[in-house]
J.: 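Please read through the structure below; I'll follow up with questions.
Being a predicted model, the structure only gives us computed values, none of them experimental.
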Amino acid sequence: MSRIPAGRSPVTPLFGSGALSRRTMLRGSALGVSAAAVSSYLAACGNDNTPSSTSSGDTGAKEISFGSNYSDAVPKAALDSVLKAYESKSSKTVKVNTVDHNSFQENITRYLQGNPEDVFTWFAGYRMQYFAAQGFATDISDLWKEIGGNYSDAFKKASTGADGKQYFVPFYNYPWAVFYRKSVFQEKGYTIPKTFDEFKALATKMKKDGITPISFADKDGWPAMGTFDYINMRTNGYDFHLSLMAGKESWTDPKVKAVFDNWRSLLPFYQEGALGRTWQEGAQQLQQKKCGMYLLGMFVGQQFTGDDAKDLDFFAFPEIDSKYGQDSVEAPIDGFMISKKAKNAAGAKDLLKYLASTDAQLAYLKSDPNNVAANKGADTSGYTALQKKAVELIGNAKSISQFLDRDTRPDFASTVMIQALQQFLNKPDDVDGLLKNIESQKKTIFAS
């Protein structure tokens with residue numbers, strides 16, 4: 001962890017004990033983002049509003065409290081540098097309460113119902129919409145009148161609640177893809193697979209070469225969701241993904257069974273012991289060249305430094321059905337919201353105005369170059385080769401998903417899908433029973 005600067009709190013308990021409560025959830029379909037709209041931000045230069053005041057001219061009290069899930073060393077240090085820059089610029093103090101990433105997500109409802117900080121880290125799309133609909137977030141539509149020029153229509157849509165108001169400020173996003181070491185592929189003469197059959201053929205060759213083909217880690221429950229999303233979108237298409245996540249499709253549909261059948265064909269190539277391994281440990285296996293490939297978000301690069309970082313590359317998850325090709329990309333958007341109970345709402349808006357600027361986003365990426373800026377005016381000339389490739393991947397996609405636990409109801413993701421996917425990985429031959437159980441729980445949850 002980075003050194004904790006003066007005026008900021010160390011990692012301390014943010015939540016009370018107890019599991020995420022099941023509450024009445026936001027109805028409606030999951031939010032999808034059009035890649036055509038996203039592509040407009042790739043090279044365009046937009047307005048860059050650096051904060052001096054909120055729209056009302058009131059920048060609030062001198063101290064702003066900040067609840068953060070940036071608990072891993074690299075993002076924590078990167079965010080720290082951004083907030084220190086804001087403190088110098090604004091003469092305000094940001095009091096940060098950093099909490100383990102998974103604990104933050106699992107207990108977010110209790111947190112927002114209790115005594116939350118003014119600003120908190122969160123995610124765009126459906127998960128943002130849910131908390132806005134529950135009355136846990138502050139409407140920041142007035143702020144968006146100032147910062148709107150910084151973002152494409154796609155990012156604004158991803159920041160908008162079901163009531164048409166804005167509640168979220170995007171900071172960065174990052175694609176999920178299949179990562180690999182260029183030197184390993186060059187040494188072994190491996191070629192980038194375009195189709196699922198080619199992917200499995202490559203995995204077979206790696207196995208013969210004494211390399212574990214696919215690194216896999218799911219101790220925390222969420223990494224497997226990315227694999228499910230990609231296989232589902234490649235098997236059944238992006239629209240089916242959204243409909244399934246919205247509770248509009250049956251989990252016993254043969255289309256869903258086909259997803260698990262396709263996934264099961266990859267299991268012989270996986271590293272053993274996935275449920276006892278964190279994503280960081282999985283990344284280290286790729287870094288050490290013990291595994292050949294790893295499907296994860298671009299944050300995998302946090303485990304690579306120096307020449308190893310330059311050796312890291314990725315390719316899009318392969319095509320399964322030519323009808324859908326590789327036209328969809330998983331590229332979640334991270335950012336910030338203001339709690340409804342904020343004690344310093346004006347100060348919180350002033351901070352968010354800064355976080356929407358290119359200065360803030362590029363400062364963050366300087367320390368954590370494993371994402372791409374959300375601000376469409378960000379200068380990409382200083383991006384690494386991997387970042388530039390990520391921008392291209394996102395820009396060329398027809399559709400962009402926000403990740404399973406962001407494209408569906410929070411209770412369904414946390415109380416059903418984490419356990420279900422881990423059960424599949426443990427016992428992959430009982431897909432029919434698994435899907436019946438998911439469908440039964442889905443009906444109960446989505447009927448509430």
Side-chain angles (χ1 to χ4, degrees), residues 1-3 42 69-82 101 171-193 202 206 211-217 220 223 226-227 271 277-317 329-334 358 360-375 378-396 403:
M1 289 291 183
S2 60
R3 182 180 63 84
L42 302 182
N69 64 357
Y70 286 38
S71 58
D72 289 343
V74 172
K76 185 176 185 296
L79 180 62
D80 205 52
S81 66
V82 173
H101 189 88
F171 197 50
Y172 60 71
N173 71 331
Y174 52 91
W176 277 60
V178 182
F179 288 83
Y180 67 96
R181 297 288 300 264
K182 288 184 285 188
S183 59
V184 171
F185 272 53
Q186 291 167 357
E187 178 187 341
K188 300 294 185 180
Y190 299 148
T191 56
I192 303 301
L202 173 59
M206 286 182 174
I211 301 172
T212 300
I214 303 173
S215 180
F216 198 80
D220 295 320
T227 299
Q271 187 179 18
R277 188 180 304 112
T278 65
W279 75 261
Q280 293 96 332
E281 292 169 330
Q284 289 158 15
Q285 295 296 299
L286 182 69
Q287 184 270 331
Q288 295 166 13
K289 300 184 179 182
K290 294 179 180 179
C291 293
M293 300 175 285
Y294 191 19
L295 173 62
L296 202 73
M298 193 170 162
F299 52 85
V300 68
Q302 294 172 12
Q303 300 296 310
F304 290 73
T305 59
D307 290 339
D308 285 345
K310 295 176 183 178
D311 194 39
L312 185 65
D313 204 346
F314 67 78
F315 57 86
F317 193 84
V329 170
E330 191 110 284
I333 302 169
D334 287 4
T358 57
Q361 294 178 19
L362 292 177
Y364 179 89
L365 296 176
K366 185 177 181 180
S367 297
D368 183 12
N370 301 293
N371 309 283
V372 293
N375 188 313
D379 180 4
T380 62
S381 63
Y383 275 8
T384 65
L386 208 63
Q387 284 175 305
K388 290 177 180 178
K389 189 171 181 178
V391 169
E392 182 180 359
L393 179 66
I394 295 170
N396 290 336
F403 200 70

J.: Under the side chain to side chain donor-acceptor pair (under 3.5 Å) test, which residues partner Asn370, sequence neighbours left out?
T.: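 For Asn370 the side chain to side chain donor-acceptor pair (under 3.5 Å) partners, ignoring immediate neighbours, are Asp368.
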J.: Only counting residues at least two apart or in another chain, list the ones meeting side chain to side chain donor-acceptor pair (under 3.5 Å) with Ser215.
T.: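 For Ser215, the residues satisfying side chain to side chain donor-acceptor pair (under 3.5 Å) (neighbours in sequence not counted) are Gln271.
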J.: List for me each residue that meets side chain to side chain contact (heavy atoms under 4.5 Å, CB included) alongside Ser367, sequence neighbours excluded, and say none if there are none.
T.: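 Ser367 satisfies side chain to side chain contact (heavy atoms under 4.5 Å, CB included) with Ala78, Ser81 once adjacent residues are dropped.
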J.: Taking only residues two or more places apart in sequence or in another chain, which ones pass salt bridge (Lys or Arg N to Asp or Glu O under 4.0 Å) with Arg277?
T.: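 Partners of Arg277 under the salt bridge (Lys or Arg N to Asp or Glu O under 4.0 Å) test: none.
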J.: Please report the interatomic distance CG(Leu312) to CD(Gln287), rounded to the nearest 0.5 Å.
T.: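 Interatomic distance, Leu312 CG to Gln287 CD, rounded to 0.5 Å: 10.0 Å.
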J.: Who are the ring pair (Phe, Tyr, Trp, His ring centres under 6.0 Å) partners of Tyr383, not counting sequence neighbours?
T.: none
J.: First locate atom OH of Tyr174, then atom CG of Leu296, and finally report the distance between them rounded to the nearest 0.5 Å.
T.: 9.0 Å
J.: For Tyr294, what residues pass the ring pair (Phe, Tyr, Trp, His ring centres under 6.0 Å) criterion, not counting sequence neighbours?
T.: none
J.: What pairs of residues pass the salt bridge (Lys or Arg N to Asp or Glu O under 4.0 Å) test when at least one of them lies in residues 279-298, not counting sequence neighbours?
T.: none
J.: Excluding sequence neighbours, so at least two apart, what forms ring pair (Phe, Tyr, Trp, His ring centres under 6.0 Å) with Phe315?
T.: Tyr180
J.: Asp220: which residues meet the salt bridge (Lys or Arg N to Asp or Glu O under 4.0 Å) condition with it, sequence neighbours left out?
T.: none
J.: With sequence neighbours left out, write down each residue that passes side chain to side chain donor-acceptor pair (under 3.5 Å) with Gln302, or none if nothing qualifies.
T.: none
J.: Would you say Lys182 has more than 12 foreign heavy atoms packed within less than 6.0 Å of its NZ?
T.: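 Atom NZ in Lys182 is packed in, count exceeds 12.
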J.: Taking Gln361 for its side chain and Asn375 for its backbone only, find out whether a donor-acceptor pair lies under 3.5 Å.
T.: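 Yes, because the side chain of Gln361 sits within donor-acceptor range (under 3.5 Å) of the backbone of Asn375.
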J.: Find the distance between CD1 (Ile214) and CD1 (Ile211) and round it off to the nearest 0.5 Å.
T.: 12.5 Å
J.: Quick one: list whatever passes salt bridge (Lys or Arg N to Asp or Glu O under 4.0 Å) with Asp379, sequence neighbours left out.
T.: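 Counting only residues at least two positions away or on another chain, Asp379 forms no salt bridge (Lys or Arg N to Asp or Glu O under 4.0 Å).
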